[in-house]
Amino acid sequence: MCLDTRRATDAQCECTTRALADTVSPQDAARYDQIAVRFVSNRGTGQAWVGAWNSAVAEVAVYEGLTAGGLQKAVNPLAAVHREAMKSCG
């Protein structure tokens with residue numbers, strides 16, 4: 001899973017995806033992936049990094065019937081695991 005494919009190789013993205021999947025539950029990985037897909041799409045429209053992430057979280061929160069803040073709090077630990085996976089694959 002890559003959030004910025006301009007700076008990562010396909011191998012790094014695959015490594016990160018495997019590392020995340022090996023560390024978190026399938027449900028958490030799917031939730032994080034939903035956000036990541038929307039984030040990448042938002043970045044593609046020119047949104048800044050933070051705005052793109054916040055918009056993605058808000059979109060998924062609506063789908064899941066949560067508040068954006070509640071979902072953000074739930075995915076913060078996943079983001080930390082993702083960052084560590086990127087470092088180890090990088």
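Here the structure is a predicted model, which is why all the values come from computation and not from measurement.
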Open item on the list: For the backbone of V37 and the side chain of S41, can you confirm whether one donor and one acceptor N or O come within less than 3.5 Å of each other?
Closed with: no

What is the minimum heavy-atom distance between [X] and [Y], and which atoms define it?
| X | Y | answer |
| --- | --- | --- |
| A85 | A19 | CB-CB, 3.7 Å |
| A52 | Q47 | CA-OE1, 3.3 Å |
| S55 | N42 | CB-ND2, 3.5 Å |
| R43 | W49 | NH1-N, 3.2 Å |
| T67 | G70 | OG1-N, 2.9 Å |

TODO: Hey, can you tell me if Y32 and H82 have their rings parallel, tilted or perpendicular (30° and 60° cut-offs)?
DONE: perpendicular

Find the distance between [atom1] ([X]) and [atom2] ([Y]) and round it off to the nearest 0.5 Å.
| X | Y | atom1 | atom2 | value |
| --- | --- | --- | --- | --- |
| E64 | R31 | CD | CZ | 4.0 Å |
| L78 | L20 | CG | CG | 7.0 Å |
| Q12 | S88 | CD | OG | 10.5 Å |

Task: Residues, nucleotides or ligands: over 12 heavy atoms within 6.0 Å of D10 CG - done: no

- [ ] Test side-chain contact (heavy atoms from CB on, under 4.5 Å) on I35 and L71 and set out the steps.
- [x] CA-CA 10 Å; I35 295 168; L71 180 57; 4.1 Å; yes

Task: same_hphob_cluster(F39, V62) at 4.5 Å side-chain heavy-atom cutoff - done: no

